[in-house]
Amino acid sequence: MRTAFINQLIEEARKNDRVFLIVGDLGFSVVEPFVQEFPERYLNVGVAEQNMAGFAAGLALEGYCVFIYSIGNFPTLRCMEQIRYDICYHDLNVKIIAVGGGYSYGALGPSHHATEEIGMLRTIPNIVVCAPGDPLESQRITTFCTNHIGPCYVRLGKAGEPVVHEDLAELSIGDIIEVKQGKNTAVFSTGSMLKYVCDFVNDNDLNASIYSFPFVKPINKSQLKEILESYQSIITIEEHQSQGGFGSAILEQANDLLNEGSIKALPKIKRIAINDKFYSIAGSQKYLREAAGLVLEKFYF
Amino acid sequence: MDSKSLALQVRMKVLEMVHHANASHVGGAFSMADILAVLYNEVLTIDPQHPGDPHRDRFFLSKGHACSALYATLGLQGFFPLEQLDTYAMDGSMFLSHTSHKIPGVEISSGSLGHVLSIATGVAFAAKLKKTTFKVVCLVSDGELNEGSNWEPIMLAPQHKLDNLVLIIDYNKIQSLGFVKDVIDLEPLRAKFESFRWEVVEIDGHNHEEITDTVTTVSNNKNGIPKVIIAHTIKGKGVDYMENTILWHYRSPNIDLYNNALKQLGTT
């Protein structure tokens, strides 16, 4: 996913001479091709994420489209106030890229488990919150971010995520992607849970729909309304705490649609997310997802 | 108007604003009033009619709690009608009591300490990148240097030879809850900055000639080194009962104290 990101960013930088990449001393074997091609539009600001965010705000004030890149909690939680006040309050053109969403860096421990940042970021006005589901979605989201004027957050996986989509059109803000058409039950997936969801549904021959949500905020309202009206049962799945994350966003919007009379009834909504816990055991991403209960069961369908 | 008259007008306006709004932070506004008056009157090139001109000099106020002095300076320089300041900190006013970028002439909102030097450093870097020559001046408080986030750009700026960045420290020796030397002594402050590879100049932050000469000289010195001006100031400068007191970080003058202060300012 991170390779798809950097390759697309290089494409964007070729077209747009305002694209600038800042890293917080991370990105080994990822950012090198960008640095090689655009040495004057790259800076390593060192292990200093608060400064990275503020410095990016300064560059954005001067007209640059600034991408800041680091691992999981570092370009997000570590500098949350700079994101809120310097970047989002001033509505500046800064894109925050976090590699290693969820338990991507499982064995590295909770310092590297990015499992709360979506909940925190999506409460902040002006920011678009993205969690692409496969390398192709990452590529499209990178293009979206470059063209969108304003703050964006992108949660990437790590490396080696398989491609799910055979083809994918350009994304507009809030787009929901239909991955598989089925009946009665729909699985809503965000971020890199997507491949697991597709495999589970296919391996078990389930006649369920799958939707990928590369945007957690905002989510296209009319598209969501139409989907909610088409199913009796929805399952949301995310690699994030259950409070305030993607499932919460779906519940809130579903409730608002019901409350304003746009839908007549709520489908049953089952949320699969981390149950308010830290996991201080080592493990691969797959191991930790299972330990945290981020799994589908046949009887949910 | 010369800068001395401007500084006096700024203090009188600030006094009126904080009295009227029953607002805090007059002490920190007065300690930097001379610096602001000189910057806007003598040093910075910013057209009040075109505050967004890309060639303008950039001034970034980090100690946002003292914004009354910046608003007063901008109002007196014609960035907006002066009478708008009557609404300072009132219901529905754009004039928040921490610096607001919605006000013409204000580059950045500030209020949470330790944020703005990073932004100014990014702007100074961008200026180099674009090969433009505008000045980038950032003013911070002394207490604010407790924020670790300030020391990140202090480390970064010399690394990239940002000689177009001028940092001014309003060193009034008093922070929110105590004297700086009793909370976290900043001394030796000059040596700290020198060891971080900055060029350091110490001045009397109330001496207008010294402020003008120093800011002009250091801004024009393209020696590959960022500059810090340690401006020794007096908190509450200009009103005897406010000077050097912690109380006047917070307090707002009642009508008697307001009249007393006005009288003192008028006779200095």
Side-chain angles (χ1 to χ4, degrees), chain A residues 13 16-25 38-68 70 74-75 77-96 124-126 150-151, chain B residues 51-60 62 64 96 98-103 106-132 134 136-138 140 147-162 164-165 196:
Chain A
N16 179 345
D17 64 5
R18 291 279 150 164
V19 170
F20 196 100
L21 174 64
I22 303 179
V23 301
D25 206 34
F38 307 104
E40 74 294 350
R41 284 196 268 153
Y42 161 82
L43 191 69
N44 179 357
V45 294
V47 193
E49 293 79 11
Q50 296 181 81
N51 190 41
M52 177 163 73
F55 187 94
L59 274 178
L61 277 176
E62 294 300 324
Y64 287 92
C65 174
V66 192
F67 286 75
I68 60 178
S70 186
F74 313 147
L77 273 60
R78 182 59 177 260
C79 49
M80 191 58 79
E81 200 191 34
Q82 280 80 3
I83 293 172
R84 174 185 179 269
Y85 191 57
D86 301 341
I87 296 172
C88 294
Y89 179 49
H90 294 86
D91 204 6
L92 292 175
N93 206 13
V94 177
K95 323 297 169 182
I96 301 146
I124 302 176
N126 292 342
Chain B
D53 180 347
H55 302 296
R56 74 192 182 280
D57 290 332
R58 270 63 159 175
F59 174 71
F60 295 94
S62 193
L96 302 165
H98 282 89
T99 322
S100 171
H101 68 288
K102 310 279 182 184
I103 305 300
V106 174
E107 297 286 349
I108 199 90
S109 285
S110 59
S112 178
L113 297 173
H115 281 233
V116 174
L117 183 57
S118 287
I119 298 169
T121 306
V123 169
F125 186 90
K128 291 256 178 195
L129 207 58
K130 295 194 285 188
K131 299 187 170 41
T132 47
F134 56 76
V136 183
V137 179
C138 178
V140 299
E147 295 281 5
S149 55
N150 274 318
W151 297 91
E152 296 182 356
I154 290 171
M155 282 189 280
L156 187 73
Q159 183 69 31
H160 297 287
K161 303 185 168 38
L162 301 181
N164 54 343
L165 178 63
F196 277 72

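First the proteins, then the strands, lettered A, B, ... as listed; each starts at 1.
With a 6.0 Å radius and a threshold of 12 heavy atoms from other residues, nucleotides or ligands, R84(A) has its CZ atom at or below the threshold. The local environment of CZ in R78(A) is sparse, with at most 12 non-hydrogen atoms from other residues, nucleotides or ligands closer than 6.0 Å. The 12-atom threshold is not exceeded at NZ of K161(B), counting heavy atoms of other residues, nucleotides or ligands nearer than 6.0 Å.
At a threshold of 4.5 Å between non-hydrogen side-chain atoms, the residues S112(B) and Q82(A) do not count as touching. The side-chain heavy atoms of Y64(A) and F125(B), taken from C-beta on, include no pair separated by under 4.5 Å.
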Inset, instruction - Show your reasoning for whether side-chain contact (heavy atoms from CB on, under 4.5 Å) applies to E152(B) and E49(A). - result: CA-CA 9 Å; E152(B) 296 182 356; E49(A) 293 79 11; 5.7 Å; no
Legend entry - Working for salt bridge (charged side-chain N to carboxylate O under 4.0 Å, His left out), residues E40(A) and K128(B): CA-CA 11 Å; E40(A) 74 294 350; K128(B) 291 256 178 195; over 6 Å; no
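Of the atoms belonging to L59(A), heavy atoms from both backbone and side chain fall under 4.5 Å from chain B. At a 4.5 Å heavy-atom cutoff, L117(B) makes no contact with chain A through either its backbone or its side chain. For Y89(A), the parts lying under 4.5 angstrom from a heavy atom of chain B are both the backbone and the side chain.
Ring geometry for H90(A) versus H101(B): interplanar angle of 30 to 60°, hence tilted.
Between the side chain of Q50(A) and the main chain of S149(B), no donor-acceptor pair closer than 3.5 Å is present.
Heavy-atom pairs under 4.5 Å with chain A peak, among I119(B), L129(B), I108(B), T121(B), at I119(B). Chain B forms more heavy-atom pairs under 4.5 Å with one residue of I22(A), L43(A), V45(A) than with any other, namely L43(A). The choice from A126(B), S109(B), P153(B) that makes the most heavy-atom pairs within less than 4.5 Å of chain A is S109(B). Top candidate by heavy-atom pairs under 4.5 Å with chain A, chosen from V123(B), V116(B), T132(B), L156(B), is V123(B).
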